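For reference, the structure discussed in these notes is given below.
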There are 2 protein chains.
Amino acid sequence: MNMNDEMAGKESSATRGAYMTLRDMILTGALPAGQKLKIEQLRGLLKTGASPVREALSLLTSDMLVERIDQRGFRAAPANKANFEEILELRCTLEELALRKSIAAATPQWEEQLILTHHRMRKSAGQDIAIFEEAHKTFHMALLANSGSPMLERYCAQLYDLNIRYRNLAAGGSKYQSRDIAAEHEEILEAAVQYNADRACACLLKHYRLTGEYLAREMDA
Amino acid sequence: MNMNDEMAGKESSATRGAYMTLRDMILTGALPAGQKLKIEQLRGLLKTGASPVREALSLLTSDMLVERIDQRGFRAAPANKANFEEILELRCTLEELALRKSIAAATPQWEEQLILTHHRMRKSAGQDIAIFEEAHKTFHMALLANSGSPMLERYCAQLYDLNIRYRNLAAGGSKYQSRDIAAEHEEILEAAVQYNADRACACLLKHYRLTGEYLAREMDA
DNA sequence: TCACCAGTTAATATCGATATTTTTAAGAGT
DNA sequence: ACTCTTAAAAATATCGATATTAACTGGTGA
């Protein structure tokens, strides 16, 4: 009767499908930074018409993943260390702000969501990396989800994605970081559910800055 | 030979033209908040095809001026008091951040730009309101332009526009505010060129909050 | 050798028409 | 009267083709 099972994941509109695919390809680095994105080429890759491709690219400019040069097409957003550090710093500022607001307005529902998303993230640790990444983002966003400011959360989500992109671009060869990521997440969670804003923020920012320094080193090499 | 004089202001691509026009119409309230934006209707209004309209609308979603509902078209972003207050607060936070950074990194060039843009704003006070608004935005953005963080500046510009939109939506009938806007601008400028970050921020935020309270009152009525 | 200027190629931007989907309206059955 | 189903209308989304614009190439004159 319904097609939810069959079509799970497949988006209703061609535009959304193209948007998702392109977004993923840019975030993972399948489409390298700065690369020209030719409509015809993408049209073939995505097996759809020019209009959805074009519209998807327009939408991706919002996310700062694609640059649009009038009359001259699209290209994947460039990447460089300065931009990375800008993102990292801005992200730390905005996420701290959002986390403090979330904790200040804490509710049982929010708290329970933290527990749940954290649990799911742990569970997915063994599975496919894409599954984990998804759960990881969900957990981090859950931390901020009670800030009361959807726009702030949106900015944070955007910066999160941009950061992930740099992680994928930079961490090409080298193995996963040696730090105990799981422990860092537990620390953050613990502080949050205890409404300890200072500690939660300190842990969160340490979590980001450690990854940041690691990536910055990779980018030099 | 060339058409620069004739075509001044007319954008090169139909998409950009549509983008500019629609943006303006939403900011000024010519397209009311929440209104359904039918392609066919806009196609007639803008005298262009469906593709440019569609693409312009997609671009406007980045600016949070248009909402896209998959398979169900576009509509002008809704407006309500909660959203307005969210914008105001976020704007105060981000602009303070950017202004402090700008002052901390002050250079003669930046300082001179402040003087210039302020002067131009004063000059344009008598002229057409649209001219003044343009100069007003330029001045305010110049204050933040030395923050060293293009993304932060972009967010501020976005919030600025959203705020202006509410000003246009709310201040329908009532006359321009009685406050001495010019004096407030001078205060901000003075503090900035003296590298007095605390005072500059205090003045800037006061400037925003006063307008904000005024608008909030309008919105109740 | 180099800058400059056609002519050619390639890519973008745009149009008009069609397929899909949603919304509206109407009718049948309970 | 009310809901459910079904037909008609309207609007969105998409396609394929064309016009417009930018990029390239090779040759010409200093």
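Model, not experiment: these values are computed from the prediction. So that the names make sense, note that chain A is the first sequence line, chain B the second, and so on, each numbered from 1.
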List the atom pairs, donor and acceptor, that lie under 3.5 Å between side-chain atoms in residues 120-129 of chain A and the rest of the protein, sequence neighbours left out.
{"from": "S124(A)", "atom 1": "OG", "to": "R120(A)", "atom 2": "O", "distance (Å)": "3.3"}
{"from": "S124(A)", "atom 1": "OG", "to": "M121(A)", "atom 2": "O", "distance (Å)": "2.9"}
{"from": "D128(A)", "atom 1": "OD2", "to": "A130(A)", "atom 2": "N", "distance (Å)": "3.3"}

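- Here dC15(C) is the nucleotide among dT14(D), dT12(C), dC15(C) with the atom lying nearest to any side-chain atom of S51(B).
- Rounded to an integer number of Å, the gap from K36(B) NZ to dT22(C) P is 12 Å.
- Residue whose closest nucleotide on DNA chain D sits further toward the 5' end, between E40(B) and R43(A): E40(B).
- With rounding to whole Å, I39(A) atom CD1 is found 18 Å from dA17(D) atom P.
- Other residues, nucleotides and ligands place more than 12 heavy atoms under 6.0 Å from the CD atom of Q71(A).
- As rounded to whole Å, 7 Å separates atom P of dT12(C) from atom NZ of K38(A).
- Of the residues in residues 60-70 of chain A, none lies under 4.0 Å from DNA chain D by heavy-atom distance.
- For dT14(D), the OP1/OP2 oxygens have a side-chain nitrogen or oxygen of T15(A) closer than 4.0 Å.
- E40(B) pairs with exactly one of K38(B), K36(B), R43(B) by the salt bridge (charged side-chain N to carboxylate O under 4.0 Å, His left out) rule, that one being R43(B).
- Remark: P of dC15(C) and CG of L46(B) are 11 Å apart, rounded to the nearest angstrom.
- Nearest-nucleotide positions on DNA chain D place G73(B) closer to the 5' end than the other of G73(B) and P52(A).
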Please table the atom pairs, donor to acceptor, closer than 3.5 Å between any side-chain atom in residues 78-88 of chain A and protein atoms at least two apart or in another chain.
{"from": "N80(A)", "atom 1": "OD1", "to": "A82(A)", "atom 2": "N", "distance (Å)": "3.3"}
{"from": "N80(A)", "atom 1": "OD1", "to": "N83(A)", "atom 2": "N", "distance (Å)": "2.7"}
{"from": "K81(A)", "atom 1": "NZ", "to": "D220(A)", "atom 2": "OD1", "distance (Å)": "2.9"}
{"from": "K81(A)", "atom 1": "NZ", "to": "D220(A)", "atom 2": "OD2", "distance (Å)": "3.0"}
{"from": "N83(A)", "atom 1": "OD1", "to": "Y166(A)", "atom 2": "OH", "distance (Å)": "2.6"}
{"from": "E86(A)", "atom 1": "OE2", "to": "S149(B)", "atom 2": "OG", "distance (Å)": "2.7"}
{"from": "E86(A)", "atom 1": "OE2", "to": "M151(B)", "atom 2": "N", "distance (Å)": "2.6"}

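- Minimum atom distance to the side chain of R72(B) is reached by dT23(C), of the listed dT23(C), dA22(D), dT14(C).
- Under 4.0 Å is where a charged nitrogen must lie from a carboxylate oxygen, and between E55(A) and R68(B) at least one such pair does.
- Residues E67(A) and T61(A) have side chains not in contact (no heavy-atom distance under 4.5 Å, counting atoms from C-beta outward).
- Taking atom CZ of R16(B) as the reference point, atom C1' of dT14(C) lies 16 Å away to the nearest angstrom.
- Residue L57(A) is classed as having no contact, given no heavy-atom separation below 4.0 Å to the nucleic acid.
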